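The block underneath contains the structure these notes are about, expressed in structure tokens.
In listed order, ligands and their atoms are each counted from 1. Since we're looking at a predicted model, the values are computed, not measured.
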Amino acid sequence: MILPQGAESIRKAAALLREGKLVAFPSETVYGLGGDATNDQAVAAIFAAKDRPRFNPLIIHVLDIEKAGAYADLTPEAYQLARHFWPGPLTLILKRKDSSPISRLASAGLDTIALRAPAHPVARALLEESALPLAGPSANPSGRISPTLASHVEEAFPHLAILEGGATSIGLESSVVYLSDRGASLLRVGPILAEDLAPYVHLIPMEAKEIRSPGQTLRHYAPSKPLRMNVSDLRPEETLLAFGPGPFPGPVAYNLSPSGDLTEAASRLFAMLHELDHRAEVRAIAVMSIPEVGLGLAINDRLRRGAA
Ligand code: TXA
Ligand code: MG
């Protein structure tokens, strides 16, 4: 059930969350499947609804860095990044506070915790009205395409309360940054680039044996149909997902950005993949190559996982 925008829906949703129920909410990246992060049952319900592996921890949404301080040990770098990028599409992995009331299930038993302050006004109103930290993975069945519209969430979870927030403006999940004594590592490429972070933190590559984002090892963001990327030829069974002004390897019904704008392409990627996935006549998807710069890095990351 989609709840229209407005204060009454926020109150209703906050009441549901306080009862331990789940509510989907819009963020500027993708829609999240929210639950009270301090309530083990609510957190367990999120894993169950998504059929998400229990070893894959959830992001906890908070209003600001002050609130984050109740759940994690904040380092000078955490303050620095929060000052520049919160609210916004940046998730910080920090050491969990011993006294943290966040469900241990939410952080999958790790001694770290993922925190993010979303910028979307509906997400912020919900955090404020509920006064709860909200566990919120993307509101899609585990492994599938993330939702950028309320209707995407409703298709997957028809009985869920979903706060309407329009099309998400960015359209790709947040950048995930792991902060340790040695520096910062980018675990998930996203809207905030390494070059954006570089002025504020010492960036170090993540070594394979170190802690990683458990979710990043999985096939993800995947349509149910075969997906091929960097195509310069179109096979007979394929439908083209184009990018840019051409030339094209075949007929163009879908173009991520006719002008070749990466911000526009990012915001439309998941909605176009959802649509191609649904069209009965589409048997396989072939995506033209996207430049490996800026937001193109995150777009190609999602496509690679979807094609895996
Ligand atoms: O934009 C977003 O980040 C969206 C919106 C709803 O906020 N959320 C989202 O959540 O994409 P999810 O659960 O689909 O992705 C969270 C990622 C996963 O790859 C997970 O493994 C990683 O963050 N993660 C969470 N907690 C972690 C931790 N303690 N250590 C390492 N990685 C962690
Ligand atoms: Mg996800």
Exercise. Check each atom of ligand 1 against the heavy atoms of Ser138 and keep those under 4.0 Å away; list them by number with element.
Key: 8 (N), 9 (C), 10 (O), 12 (P), 14 (O)
Practice problem: Verify whether one side chain among Ser142 and Asp51 offers a donor that lies under 3.5 Å from an acceptor in the other. | Solution: no
Self-check item: Numbered atoms and elements of ligand 1 in range of Ile59, under 4.0 angstrom, heavy atoms
Solution: 3 (O), 8 (N), 9 (C), 10 (O), 16 (C)
Self-check item: Proximity winner for atom 13 (O) of ligand 1, if only heavy atoms of Arg188, Arg52, Glu173, Arg96 are counted
Solution: Arg52
Practice problem: Between Pro191, Ser174, Pro147, Ala108, flag the one that comes closest to atom 3 (O) of ligand 1 by a heavy atom. | Solution: Ser174
Exercise. State the atoms of ligand 1, each with its element, that fall below the 4.0 Å cut-off from a heavy-atom position in Leu110.
Key: 28 (C), 29 (N), 30 (N)
Exercise. Look at the side chain of Arg11 and the backbone N and O of Ala15, then say whether any donor-acceptor pair between them is shorter than 3.5 Å.
Key: no
Quiz item: atom 25 (C) of ligand 1: which of Gly136, Ser27, Pro57, Gly190 has the nearest heavy atom?
Solution: Pro57
Quiz item: Taking atom types as modelled, is there a side-chain donor on Ser259 or Asp261 under 3.5 Å from an acceptor on the other?
Solution: no
Quiz item: So, Glu19 side chain and Leu16 main chain: donor-acceptor pair closer than 3.5 Å or not?
Solution: no
Exercise. Ignoring hydrogens and angles, tell me if any N or O in the side chain of Ser185 forms a donor-acceptor pair with the backbone of Ile204 under 3.5 Å.
Key: yes
Quiz prompt | Partner of Arg116 by side chain to side chain contact (heavy atoms under 4.5 Å, CB included), out of Val62, Thr91, Leu90 | solution = Thr91
Self-check item: Under 3.5 Å side-chain donor-acceptor pair for Glu173 and Ser146
Solution: yes
Quiz item: Can you tell me if Glu77 and His202 form a side-chain donor-acceptor pair at under 3.5 Å?
Solution: no
Practice problem: Please determine if the Mg ion (ligand 2) has an N/O/S atom from Asn140 lying under 2.8 Å away. | Solution: no
Self-check item: Enumerated ligand 1 atoms positioned under 4.0 Å from heavy atoms of Pro137
Solution: 10 (O), 12 (P), 13 (O)
Quiz item: For ligand 1, which atoms have a heavy atom of Val30 less than 4.0 angstrom away?
Solution: 4 (C), 6 (C)
Exercise. Let me know which of Asp111, Asp73, Asp181, Thr75 forms a side chain to side chain donor-acceptor pair (under 3.5 Å) with Lys95.
Key: Asp111
Exercise. Flag yes if more than 12 heavy atoms outside Gln41 fall under 6.0 Å of its CD atom; otherwise flag no.
Key: no
Quiz item: Counting each atom of ligand 1 from 1 as listed, which ones have a heavy atom of Ala114 under 4.0 Å away?
Solution: 25 (C), 26 (N), 27 (C)
Exercise. Give yes if a backbone or side-chain nitrogen or oxygen of His61 is under 3.5 Å from a nitrogen or oxygen of ligand 1, and no if not.
Key: yes
Exercise. Consider every N or O of Lys50 and every N or O of ligand 1, then say whether any pair is closer than 3.5 Å.
Key: no
Exercise. Below 4.0 angstrom from a heavy atom of Thr29, which ligand 1 atoms are there? Numbered from 1 as shown, please.
Key: 1 (O), 2 (C), 4 (C), 5 (C)
Quiz item: Hey, does Pro89 sit under 4.0 Å from ligand 1 if you only count heavy atoms?
Solution: no
Practice problem: Specify side chain, backbone, both or neither for Asn56, according to which of its non-hydrogen atoms lie closer than 4.0 Å to ligand 1. | Solution: side chain
Self-check item: Heteroatom distance test (Tyr31, ligand 1): nitrogen or oxygen, under 3.5 angstrom
Solution: no
Self-check item: Where ligand 1 meets Ile93 - atom numbers and elements under 4.0 angstrom, heavy-atom basis
Solution: 27 (C), 28 (C), 29 (N), 30 (N), 31 (C), 32 (N), 33 (C)
Quiz prompt | Polar side chain donor-acceptor pair, Ser174 to Arg188, under 3.5 angstrom | solution = yes
